[in-house]
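Worth saying up front: this structure is predicted, and the values here are computed from it rather than measured. Chain identifiers are assigned alphabetically (A, B, ...) following the order of the sequence lines, protein sequences preceding nucleic acid strands; residue numbering begins at 1 within each chain.
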2 protein chains.
Amino acid sequence: MERARPTTIADVAQHAGVSQASVSRVLNGKASVDPRIVEVVTASIAALGYTPSTAARSLVSGRNNTVAMIVPDLENPLFQGILKGLSRAAALDGYRVLVADTAEIVADEEVIAIEARHRTDAIVLCAPRMPEKKLRDVLSRVAPAVVVNRPIDETGTPVVGVDYVRGIRDLVEHLAGLGHTRLVYLAGPAPSASNRERERGLAEILAARPDLTITTIATGSALDDGYRATAEVIDAVRGEVGATAVLAFNDLVALGLMRGLSEHGVSVPGEVSVAGFDDVPLASFSSPPLTSMSVPRSEIGEQVWQRLRALIAGAAVDHAVLYSPRLEARESTGPVDRA
Amino acid sequence: MERARPTTIADVAQHAGVSQASVSRVLNGKASVDPRIVEVVTASIAALGYTPSTAARSLVSGRNNTVAMIVPDLENPLFQGILKGLSRAAALDGYRVLVADTAEIVADEEVIAIEARHRTDAIVLCAPRMPEKKLRDVLSRVAPAVVVNRPIDETGTPVVGVDYVRGIRDLVEHLAGLGHTRLVYLAGPAPSASNRERERGLAEILAARPDLTITTIATGSALDDGYRATAEVIDAVRGEVGATAVLAFNDLVALGLMRGLSEHGVSVPGEVSVAGFDDVPLASFSSPPLTSMSVPRSEIGEQVWQRLRALIAGAAVDHAVLYSPRLEARESTGPVDRA
DNA sequence: CTGTTAGCGCTTTCAC
DNA sequence: GTGAAAGCGCTAACAG
């Protein structure tokens, strides 16, 4: 079965009895073309079912109307939401999104980013664990690019992200307002920029409120990581530490922990309050519903697109945008029980 | 700020003092090239930081090493898993994947698919609600393509999917084995092919087991849809129907329902058993953990890639692959309470 | 084994 | 207002 030669602009020109240039003109609505030619060309295009070759267009224009998004793990709800927002916003401008999942392998991020950039007009980089030095180096080679969820100064690269420092502080305030003073923080991956941000927020509030105490337990970013921390958390709650509330790195960790606590008969929020971060879709559907910090995932994706579009057009880059997470107080956190 | 002209194969050739053809040869490892030339060209490439233009390559080869995946909603866990599997498998062969989210707008699927196909070498179509007639039409225009999760015969298009008919039957058997005979089915979107498959499975088992009764309640495919069905379900459980178990279209619907039941003080599985479908990552972390039918999302993605690769290579298409979901019996389903 | 040459399909001056 | 012709960067004959 021979693969048919696709119809080209030349076929259309011949069919319409005009020059390729004219076809090209009506195709792009450029210059002024005789209405009659427009008509006949349009008819020929329809008759032949012609669609222009993107490859040829790219070659001559240097553009391919595509952007790439590099993520460590497509199964992370945060990146999914951003991808969705980006994809839909870009589509409105005729752009498509190429995804590249680095499978959490930091060492591969550089080549993947460069390769992806090469097929596209710009990239958005979600690389929370890439060392800063390397990040700067990569950015200088893949520009234009937008970075998500990590600070990066003096590089001319727009950043769109979440104000984790402030978010975690607000969350601690919420807990403190409920009377909790002995907290546990389930830390995310140590190399993660957003984890460092959260820890910075924690340090700030600790400095401001000497009445608080925060015990850190290293975990990760997934459901299992929270689940596995169960014993340690129970120890902190029932042992000398006497913790009454837990802040998890994100909702997945929080939900994993809640599962573990439930299995051990630890009541939430009766015996210990639990709060997450990100407000994933399922957060409000857990039992009890999880208190979390809501971040506008889709909107971040849209903002990323605005920046990318500006960069592609050669426009000036906007300043970084940081979204302040909004507290979603639900039933997994409650007043400290002073029985 | 002038955008610098990218370095081309001509620059490399000049720098190395050889012809473009030679550079092209070492680039592609084609034919045999003098080791000394290989060396000097390699050096020049490195020195100039040259990377070949994908657009030019595409134009001449007719390929662009990219495939597209069309999905109704990127936030659906099922598609996310498939996308992840596809993306990682394709990457191993040097292919990237373009995503196109149709925002659940069935009317747009056709143009999006055709446009996406035009930028890529093949597409994978997840369009559960597209009318079959339209689907056939689209497939004939975008080939090569792979269809996910819906049957489609005599079209030469490979299908990779889940055996919903069998899955739902197995689930009913599980419930029946626990003594449930009066069941409720929370139906998904009516136009959804996979919902029709489930209903077919239900009809089959109903024919085989006259002792069973299944009441259908129309819902949807999201968390809220399940949540909103709460009242109707409670009615079916406590009213004349006397249902003792609920099968939801998918896990999201099941989890939404469980939230509603919990708010109304209906015990699961004490008063009513609840089962989902898909086994999303969070299913085992709900309270109680949700009984579900597990489907190998990533593996489906990998299989899709195998098919796509074969099609792109012009090889024969494999037969349809249907994965049989595996029962994950958890605590949301229990023996019927004959108090 | 290497260089020259002719396109791939399209846009875009440049004449007419 | 329209057509002819020159490339965009690369690969693949074809000579040498």
Side-chain angles (χ1 to χ4, degrees), chain A residues 2-45 48-66 94 115 117-121, chain B residues 2-45 48-66 94 115 117-121:
Chain A
E2 189 99 15
R3 204 168 289 224
R5 188 184 65 78
T7 76
T8 77
I9 199 172
D11 301 325
V12 177
Q14 183 172 21
H15 181 105
V18 299
S19 73
Q20 296 190 19
S22 290
V23 177
S24 177
R25 287 187 188 107
V26 337
L27 232 37
N28 300 290
K30 292 289 187 84
S32 39
V33 186
D34 186 305
R36 284 173 302 181
I37 290 203
V38 173
E39 195 176 338
V40 67
V41 166
T42 309
S44 296
I45 288 175
L48 272 47
Y50 165 77
T51 46
S53 151
T54 51
R57 279 192 158 163
S58 294
L59 181 56
V60 59
S61 71
R63 297 273 193 66
N64 37 224
N65 293 290
T66 304
E115 197 271 349
R117 166 65 179 85
H118 201 255
R119 306 186 182 221
T120 60
D121 300 333
Chain B
E2 187 101 18
R3 206 169 287 225
R5 189 183 64 79
T7 75
T8 76
I9 200 172
D11 300 325
V12 177
Q14 183 172 22
H15 181 105
V18 298
S19 73
Q20 295 189 20
S22 288
V23 176
S24 177
R25 287 186 188 106
V26 336
L27 231 37
N28 300 291
K30 293 288 186 88
S32 38
V33 185
D34 187 305
R36 283 174 305 183
I37 291 203
V38 174
E39 196 176 338
V40 66
V41 167
T42 309
S44 296
I45 288 175
L48 272 46
Y50 165 77
T51 47
S53 152
T54 51
R57 279 190 160 166
S58 294
L59 182 56
V60 59
S61 70
R63 297 274 194 65
N64 36 227
N65 293 290
T66 304
E115 197 271 348
R117 167 64 179 86
H118 202 254
R119 306 184 182 222
T120 59
D121 300 335

Closest non-hydrogen atom pair between A/Val23 and A/Val12, with its separation: CG1-CG1, 3.8 Å
Under 4.0 Å from OP1 or OP2 of D/dG9: is there any side-chain N or O of B/Ser53 that close? no
Output the rounded distance in Å from CG (B/Leu27) to C1' (D/dA12). 14 Å
Contact nearer the 5' end of DNA chain C, comparing B/Leu59 with B/Val33: B/Val33
Side-chain N or O of B/Arg57 closer than 4.0 Å to phosphate OP1/OP2 of D/dT11: yes
D/dG3 base to A/Arg25 side chain: any donor-acceptor pair below 3.5 Å? yes
Whole-Å distance between D/dT2 C1' and A/Gln20 CD? 14 Å
Interatomic distance, A/Asn65 CG vs C/dC10 P [rounded to whole Å]: 15 Å
Quick one: which of D/dC8, C/dG3, D/dC10 gets closest to the side chain of B/Ala21? C/dG3
A/Asn28 has an atom CG; how far is it from atom C1' of C/dG9, in whole Å? 13 Å
Pick the closest DNA chain C nucleotide for B/Ser19 and for B/Ala56 by heavy atoms, then say which residue is nearer the 5' end. B/Ser19
Indicate, with a heavy-atom threshold strictly under 4.0 Å, whether B/Val60 touches base, sugar-phosphate, or nothing. base
Round to a whole Å and report the spacing from CD of A/Gln14 to P of D/dT2. 19 Å
Tell me yes or no: between the side chains of A/Asp121 and A/Asn64, is some donor less than 3.5 Å from an acceptor? yes
Identify the heavy atoms of B/His118 and A/Ser53 that sit nearest to each other, and give their distance. CE1-CA, 3.7 Å
Donor-acceptor contact below 3.5 Å, side chain B/Arg117 vs main chain B/Thr120: yes
Identify which nucleotide among C/dG9, C/dT2, D/dC10 has an atom closest to any side-chain atom of B/Thr8, counting heavy atoms from C-beta outward. D/dC10
Once you round it to whole Å, what is the distance between C1' of C/dG3 and CD1 of B/Ile37? 10 Å
Touch class at under 4.0 angstrom, heavy-atom based, for A/Ser24 against every strand present: base
Of the listed nucleotides D/dT2, D/dG3, D/dT11, the one nearest the side chain of A/Asp34: D/dT2
Taking atom P of C/dG9 as reference, at what distance in whole Å does atom CG of A/Leu48 sit? 14 Å
Taking every non-hydrogen atom, the tightest pair across B/Ile37 and B/Ser22: CG2-CB, 4.3 Å
Atom-to-atom span, NE2 of B/His118 to P of C/dG9 - whole angstrom: 11 Å
N/O (side chain, B/Ser22) to phosphate O (OP1/OP2, C/dG3) under 4.0 Å: yes
